[in-house]
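Numbered from 1 within each chain, the chains take letters A, B, ... in sequence-line order.
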Amino acid sequence: MKWGKWLLGSACLLLLGLLADSLPVPTYADSTAGGFNLQVTPSPLVATVKPGTKAQLELKVRNGSTSPENLKIEPRSFSYDSHTGKVDLDDTAPPAIAPWISFSAPKFTVLSGQWFNEEITLNLPKSAGFSYSFALTISRQADPQVTNGERLIRGSVAVFTLVNVDRPGANTKLEVTKFSTSKHIYEYLPTTFSVRFRNTGNTIAQPYGNIFVQRNTNSPTPFASLAVNETKGYILPGSERTTTTTWADGFPAYQATTNADGSTSQKLVWNWANLSKLRIGRYTAHLVAVYNQAGHDVPIEGTVSFWVIPWKILLGFLVITLLLLFAICTLIRLVIRFVRRKHARKKVPQPASSSASDDRGTF
Amino acid sequence: MRLMKNKKSLHYSLITAAGISFLTVFSLSQITHAAALNQVFVRFDRMEISTPTTGTVCAKPSTSSTDVKSWSVTFPTGYTVSTTAANWQTANISTTNLSWPSGGTAWPNATSATAAVSGQTVTWTNSSAQTMNNTTLYCYNWTSSSAVSVTSSASASNLGSVTTTNSSSATIDTAQYATASITNDQITVTATVPPAFSFALSANTDSLGTLSTASVSSSPTPRTITVNTNAKNGWFVWGKDSNVGLTSATASYTIPAETYSGAGPTTVTAGSEGYNTGVTSTQAGGSGTLTVDPGFLSAGAGQGGGLTTSYHSLATSTGSADTAVLTLTNNAGIKGSTPAASDYTDTITVVGAGLF
């Protein structure tokens, strides 16, 4: 009986095994015929690592297309142009750091709608430099087939990766090379401030701070405290970057509006609730930006002055004032004339007594 | 005659009055000057409003003295100064050089002096008089973040002072310092929404069909790149072409790509050999301004730019994007002598990335 059960069980297992073998192995065909749709996060990838130790960064990749994607990840170098602010992507591996980068899966498959976690290991030797910046490009492992006369369009996503190395000699240093307004004289707000930072250190820096808009440098309370580098931009060593900040809190003020065709234009908005914010005269903007150096804030300052002259409003006031003054003066003149006449009338001798006197004379 | 005179003088008066009132409006300006703290330096390690901070005090006396009995630091109005003396003395004071200004030397007896707090002022007293000379910059750090917190309002100038006194409690030297308080000094990622970048290419092939000398062949269904991102610093899309033109292996011939001109697009015309890629853009929302590189901007039939084997920026944006769409239209033209072949092809690579 026992042997019978054992034999039956073995037969069932054998049958199941044979069935399993005959089932198709799940293979993922490329979605090359369809589109290419990837989402990556975080972007950019930023880290501070210690040399001589392994650091792991995580990059998540989502396949947004309807088919599985067979992908690969590769480091690529890029350069940043301080003058134009443009980034030029290169098709070569970043020479300095490439040997120290490894991936948990250099080639990987992501099913439709799924996320894949790629672990990037940075194994920097003690002799590593102070900072590295490169791009990680994610693209298909193989190109789709094209027929004669067709053009192939390859899609790819790059993730900028910024690495600071926490080692002796690392020096964060920023300078403000230019702090200016877009114009010297404005009729109405907004005023646009440009702050140009230069990274003279050897690490990647991220400044922050405020622009205090005041009547003058010593004013105790600013009209506005505006954030500097609100977009949290990074500045690579040896490069410059301009951040802009806008002061729009005035009456009236231009506001950007989107037209029906998608273009934008400036429209003067008269929000009477902001009447007390009529800006007029000379203003001083005091920049206080800070960057972190060895755990403490290092301030960098700058000052710029500008004028707000709402000349049309002033001209209107002037005309009204002149008209009022003219009206008042005319009124005063009329009153004076009236009083004088009255006074003069009082002084003129009465005709009756005059004739009496004449009578007396002739008498 | 007299009436005329009165009228004239009245007009002159009015003009003068108006002129004075006009000028008065602009007389609000004052001469600005920058604070100079050569002799006294108080550095707060954190400048963010309402933030506890450690810091450094440095001073170079203007008068040398062998009788420095005590010194005091007055913190700016609004700064919360701990009244607990222990937060200000011995273990919570150090003379380690923490990025001191050049020439900074340990403040004599700083770690042994006893502290007393009164209002905004902390006074340190030496058990015996110390010597400080006017050629040395003396520094020390307060290392307890429980000692002081930055004021709750952002300001470009918060004033305080440092004073040294002798055994007779007479002031030896005093000077003011200024510091700023800002709304945020460190960019910490605490958001639950991480920065993400999404890039979608509508299809991977583009067929131009049969080229003709009679007309320019353009993409029948232009492919689109759709970008969605919360990257506040903007994003880029680059493109490159493996063949710098349409190449036929059988004819061993390449219809060359137009030469890129940064000033504006090139135009492929019927009857002439040429090949380019034109880009147009739309955006549903987002903070960024989307700009197509002028050399690739397609404003009319056959317009675009020639791609090379190196990546070239096709479009950039200054901020986030909600359904930003770049439409890629390829244009090709041939001349009568262009070799016949059915395998003219090339490979264009487009890459998108969120900026740092």
Side-chain angles (χ1 to χ4, degrees), chain A residues 32 35-44 64 86-87 89 135 137 144 146 148-160 162 206 208-210 212 215-217 222 225 227 231-234 262 280-282 284 286 288 290 292-297 299 303 318 321-322 325-326 329, chain B residues 10 14 17-18 21-22 25-26 28-30 32-34 43 45-47 99 154-157 180 182-187 194-208 223 231-233 236 238 282 311 313 330 342-356:
Chain A
T32 47
F36 175 84
N37 188 337
L38 290 189
Q39 185 182 5
V40 288
T41 184
S43 174
K86 280 194 171 180
V87 178
L89 192 66
T137 58
V146 290
N148 279 350
E150 276 194 330
R151 301 167 69 249
L152 174 66
I153 305 176
R154 273 189 202 140
S156 181
V157 174
V159 179
F160 289 113
L162 312 177
Q206 195 180 33
Y208 207 80
N210 288 119
F212 299 96
R215 182 57 72 190
N216 58 58
T217 306
S225 304
T231 58
K232 304 173 184 175
Y234 292 89
I280 190 167
R282 186 176 186 254
T284 295
H286 188 168
V288 181
V290 297
N292 193 276
Q293 186 186 62
H296 65 79
D297 291 341
T303 304
L318 188 67
T321 307
L322 286 174
L325 281 171
F326 187 75
C329 289
Chain B
L10 180 69
L14 284 172
S21 63
F22 198 75
V25 172
F26 300 108
L28 298 163
S29 62
Q30 289 183 20
T32 59
H33 59 86
R43 185 187 69 202
D45 290 339
R46 298 289 307 274
M47 294 168 73
S99 305
S155 172
S157 181
I182 59 178
T183 51
N184 200 344
D185 67 342
Q186 287 178 5
I187 298 165
F197 181 82
S198 168
F199 177 95
L201 179 63
S202 61
N204 302 110
T205 55
D206 180 25
S207 177
L208 292 173
R223 303 311 184 195
K232 288 183 176 177
N233 282 301
F236 278 74
W238 301 267
T282 60
Y311 282 113
S313 170
N330 299 296
S342 60
D343 63 342
Y344 279 101
T345 187
D346 78 332
T347 301
I348 284 184
T349 306
V350 283
V351 185
L355 196 56
F356 48 86

To the nearest 0.5 Å, tell me how far [X] [atom1] sits from [Y] [atom2].
X      : Y      : atom1 : atom2 : value
A/L152 : B/T349 : CG    : OG1   : 7.5 Å
B/N233 : A/T231 : CG    : OG1   : 3.5 Å
B/F197 : A/T41  : CZ    : OG1   : 12.0 Å
A/N37  : B/L201 : CG    : CG    : 9.5 Å
A/S43  : B/F199 : OG    : CZ    : 12.5 Å
B/D45  : A/D297 : CG    : CG    : 7.5 Å

What residue, out of A/K86, A/E150, A/Q39, has the most heavy-atom pairs lying under 4.5 Å from chain B?
->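 The option with the most such pairs is A/E150.
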Heavy-atom pairs under 4.5 Å with chain B are the metric here; pick the option from A/R151, A/H296, A/R154 that has the most.
->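 Most pairs with chain B among the choices: A/R151.
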By ring pair (Phe, Tyr, Trp, His ring centres under 6.0 Å) - contacts of A/F212 (at least two apart) |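 A/F212 satisfies ring pair (Phe, Tyr, Trp, His ring centres under 6.0 Å) with no residue once adjacent residues are dropped.
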A/P222 portion near chain B, given a 4.5 angstrom heavy-atom threshold =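 Looking at A/P222, just its side chain touches chain B.
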Region of A/L162 in contact with chain B, defined by heavy-atom distances below 4.5 Å |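 Only the side chain of A/L162 comes within 4.5 Å of chain B.
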Taking all atoms of both residues into account, what is the closest heavy-atom pair of B/A154 and A/N210, and its distance?
->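 Minimum heavy-atom contact is CB-OD1, 4.3 Å.
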Taking all atoms of both residues into account, what is the closest heavy-atom pair of A/V290 and B/I182, and its distance?
->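 Looking at all heavy atoms of both residues, the shortest contact is CG2-CD1, 3.5 Å.
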Heavy atoms only, distances under 4.5 angstrom: which of [options] has the most pairs with chain A? Name it, please.
options                : result
B/T347, B/D343, B/T345 : B/T347
B/A200, B/S99, B/A180  : B/A200
B/F236, B/W238, B/F356 : B/F356

Return yes if some donor-acceptor pair links the side-chain N/O of B/N204 with the main-chain N/O of A/F36 below 3.5 Å, else return no.
->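 No: the side chain of B/N204 does not pair with the backbone of A/F36.
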B/Y344 versus chain A, heavy atoms under 4.5 Å apart: side chain, backbone, both or neither?
->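 B/Y344 touches chain A through backbone heavy atoms alone.
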